[in-house]
Q: 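Quick one: the structure is below, questions incoming.
Here the structure is a predicted model, which means the values were calculated and not measured.
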Amino acid sequence: MKNLDFLTPVGVAAGILMIGIAVAWNGGLEGFSSFLHLPSILIVFGGILAAMLVSFPIRELKRFGRVSVQSFKSSKDNLRETVDLFVHLSEIARKEGILSLEKELAEIHNPFIKRGIYLTIDGVDAETIENILHAEMISLEERHRKGRRMVEKAGDYAPAWGMIGTLIGLILMLKDLNDPASLGPNMAIALLTTFYGVLLANLVFNPMAAKLATSTEKELFTGRVIVEGVIGIHNGQNPRVLEDQLAVYLTGEETAPGVRDV
């Protein structure tokens, strides 16, 4: 399960606000009009779209919006709660048997944990369970990598198309040096396209890709804890031993009072 992560929109808004303050500081409110130039916007956004159409099949591009939205969300899974859950399940399994875990599944919302417990209840051997769960983690990592690659490529293309717009503006400016009226608009294209491209890359696309990568790493790390927990329950490990085994994955803030974080 994931919740809305306010840090992403706050970060983007803070970046835009700082730029706005700098513009207003030097040019007043009238200075903002100098940074709005439709041809420059068309060059950068149109160029990024064209490059993305060339780079990816349409079925992947359809996922771009959904992938981007994930950078505005964060997992609400808590490792301490996950460890406590496996200790609880281990206690039930030792007292009442593995089959008794089935009635606990309704209270478990993580589908990966449910998958592992179902396999355990079905009597699948530990090695096969571990292989299945690791295969699912590899599949998840690959799906996330493909989605993140689109955002990363958009971040690569944005400054490149900004430079293309700059070259267009310079060519037009040099062509009409004898026409003073054309110098201003052409110079706007030359400078603003680079500004738009660099801004999109470093405030939107690249930070979003970094956020997605961090989210994937967190999910995979949690996945390793889950695999250890499932195998521990399958092997009938003592709940206290299982807790000590899983506690090594916790940070200082997440460890229980009696567990030392080294």
Q: Does Tyr249 reach the main-chain N or O of Phe221 with its side chain, forming a donor-acceptor pair under 3.5 Å?
A: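 Between the backbone of Phe221 and the side chain of Tyr249 there is no qualifying donor-acceptor contact (under 3.5 Å).
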
Q: Which is it for Thr214 and Lys218 under the side-chain contact (heavy atoms from CB on, under 4.5 Å) test, yes or no, and what are the steps along the way?
A: CA-CA 6 Å; Thr214 300; Lys218 183 178 179 181; 5.7 Å; no

Q: Linking I/L/V/M/F/W/Y whenever any side-chain heavy atoms sit under 4.5 Å apart, do Leu246 and Val248 land together?
A: yes

Q: How far does CD1 of Ile226 sit from CZ of Arg115, to the nearest 0.5 angstrom?
A: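 The CZ atom of Arg115 is 13.5 Å from CD1 of Ile226, to the nearest 0.5 Å.
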
Q: Which heavy-atom pair separates Thr166 from Thr193 by the least distance, and what is that distance?
A: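 Smallest heavy-atom distance, with atoms named: N-OG1, 3.0 Å.
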
Q: How about Lys114: does its NZ atom have over 12 heavy atoms from other parts shown lying under 6.0 Å from it?
A: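 Result for NZ/Lys114: enclosed.
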
Q: Can you check whether Thr82 reaches Asn110 side chain to side chain, under 4.5 Å on heavy atoms?
A: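 No, their side chains stay 4.5 Å or more apart.
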
Q: Does the side chain of Ile41 come within less than 4.5 Å of Leu192's, by heavy atoms?
A: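 When only atoms from C-beta onward are counted, Ile41 and Leu192 do not touch, as no gap falls below 4.5 Å.
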
Q: Do Val227 and Met137 have side chains that get closer than 4.5 Å, going by heavy atoms?
A: yes

Q: Give a yes or no on this: more than 12 heavy atoms of other residues, nucleotides or ligands lie within 6.0 Å of atom NZ of Lys103.
A: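 Check passes, neighbour count above 12.
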
Q: Val44, Leu61: one ILVMFWY side-chain cluster at the under-4.5 Å cut-off?
A: yes

Q: Are the side chains of Ile121 and Leu105 in contact, using a 4.5 Å heavy-atom criterion?
A: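 Yes; the side chains approach each other to less than 4.5 Å.
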
Q: Might you point out which heavy atoms bring Val151 and Phe205 nearest each other, and give the distance in Å?
A: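 Looking at all heavy atoms of both residues, the shortest contact is CG1-O, 3.2 Å.
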
Q: Would Arg240 and Glu243 pass as an ion pair if we require N to O under 4.0 Å?
A: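 Salt bridge present between Arg240 and Glu243.
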
Q: Could you tell me the separation between the CG atom of Asp122 and the CD1 atom of Ile117, rounded to the nearest 0.5 Å?
A: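 Taking CG in Asp122 and CD1 in Ile117, the distance rounds to 11.0 Å.
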
Q: Please report the closest heavy-atom contact between Leu101 and Leu89, naming both atoms and the distance.
A: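 It is CD2-O, 3.4 Å.
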
Q: State yes or no: do Met163 and Leu200 share one hydrophobic cluster built from I, L, V, M, F, W and Y residues joined by side-chain heavy-atom distances below 4.5 Å, directly or via other members?
A: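 No: no chain of side-chain contacts under 4.5 Å links Met163 to Leu200.
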
Q: I'd like to check Glu228 versus Phe86 (side-chain heavy atoms, cut-off strictly below 4.5 Å). Are they in contact?
A: no

Q: Decide yes or no on side-chain contact (heavy atoms from CB on, under 4.5 Å) for Leu250 and Arg80, but give the supporting numbers first.
A: CA-CA 7 Å; Leu250 303 179; Arg80 179 69 254 177; 3.3 Å; yes

Q: Take His88 and Asp84 through the test side-chain contact (heavy atoms from CB on, under 4.5 Å) and record every step on the way to the result.
A: CA-CA 6 Å; His88 172 68; Asp84 291 342; over 6 Å; no

Q: I need the His144 NE2 to Glu219 CD distance, nearest 0.5 Å.
A: 4.5 Å

Q: Answer yes if Leu99 and Ile108 sit in the same cluster of Ile, Leu, Val, Met, Phe, Trp and Tyr residues linked by side chain heavy atoms under 4.5 Å apart, and no otherwise.
A: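 In one cluster: yes.
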
Q: Do Glu136 and Ile132 have side chains that get closer than 4.5 Å, going by heavy atoms?
A: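 Yes, their side chains come closer than 4.5 Å.
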
Q: Starting at CG of Leu167, measure out to CD1 of Ile171 and round the result to the nearest 0.5 Å.
A: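 Separation between the atoms: 6.0 Å.
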
Q: Quick one: does any side-chain atom of Ser139 pair with a main-chain N or O of Ala135 as donor and acceptor, under 3.5 Å?
A: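 Not confirmed, Ser139 side chain does not pair with Ala135 backbone.
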
Q: Can you check whether Ser71's main-chain N or O pairs, donor with acceptor, with Thr8's side chain at less than 3.5 Å?
A: yes

Q: Does His234 use its side chain to pair, donor to acceptor, with the backbone of Val124 at less than 3.5 Å?
A: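 Flag set: sc His234 to bb Val124 pair under 3.5 Å.
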
Q: What's the shortest heavy-atom distance between Lys211 and Leu7, and which atoms?
A: NZ-CB, 4.4 Å

Q: Counting heavy atoms not belonging to Glu96, are there more than 12 under 6.0 Å from its CD?
A: yes

Q: Is there a path of hydrophobic side-chain contacts, each under 4.5 Å between heavy atoms, that joins Val198 and Leu42?
A: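 No; Leu42 is not reachable from Val198 via cluster members.
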
Q: For residues Ala51 and Ser55, report the shortest heavy-atom separation together with the two atoms involved.
A: O-OG, 2.8 Å

Q: For Phe45, is the CZ atom crowded, meaning more than 12 foreign heavy atoms sit under 6.0 Å from it?
A: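 No, the 6.0 Å shell around CZ holds no more than 12 heavy atoms from other groups.
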
Q: Under a 4.5 Å cut-off applied to non-hydrogen side-chain atoms, are Ile113 and Val230 in contact?
A: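 A side-chain contact is absent here, since even the closest heavy-atom pair is not under 4.5 Å.
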
Q: Within this structure, what is the CD1-CG distance for the pair Ile138 and Leu133, rounded to the nearest 0.5 Å?
A: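 Interatomic distance, Ile138 CD1 to Leu133 CG, rounded to 0.5 Å: 11.5 Å.
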
Q: Using side-chain heavy atoms (C-beta onward) and a distance below 4.5 Å, is Tyr157 in contact with Val54?
A: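 No - every pair of side-chain heavy atoms lies 4.5 Å or more apart.
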
Q: Does the pair Glu91/Lys95 count as a salt bridge with the N-to-O cut at 4.0 Å?
A: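 Salt bridge flag = no for Lys95 with Glu91.
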
Q: Examine distances only and state if a side-chain atom of Lys153 and a backbone atom of Met150 form a donor-acceptor pair shorter than 3.5 Å.
A: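 Absent.
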
Q: Provide the closest heavy-atom pair for Leu242 versus Ile233 in the form atom of the first, atom of the second, distance.
A: CD2-CG1, 4.3 Å

Q: Nearest 0.5 Å, please: how far is NE2 in His134 from CD1 in Ile129?
A: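 Rounded to the nearest 0.5 Å, the CD1-NE2 separation comes to 11.5 Å.
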
Q: Keeping Asn235 on the side-chain end and Gln237 on the backbone end, is there a donor-acceptor pair under 3.5 Å?
A: no

Q: Dump the intermediate steps for side-chain contact (heavy atoms from CB on, under 4.5 Å) on Ile19 and Phe195, then the final yes or no.
A: CA-CA 11 Å; Ile19 293 172; Phe195 172 75; 4.2 Å; yes

Q: Salt bridge or not between Glu142 and Arg145? Use side-chain N to carboxylate O under 4.0 Å.
A: yes

Q: Please lay out, stage by stage, how Ser90 and Arg94 fare under the test side-chain hydrogen bond (donor to acceptor under 3.5 Å, both in side chains).
A: CA-CA 6 Å; Ser90 178; Arg94 282 175 66 87; 5.6 Å; no

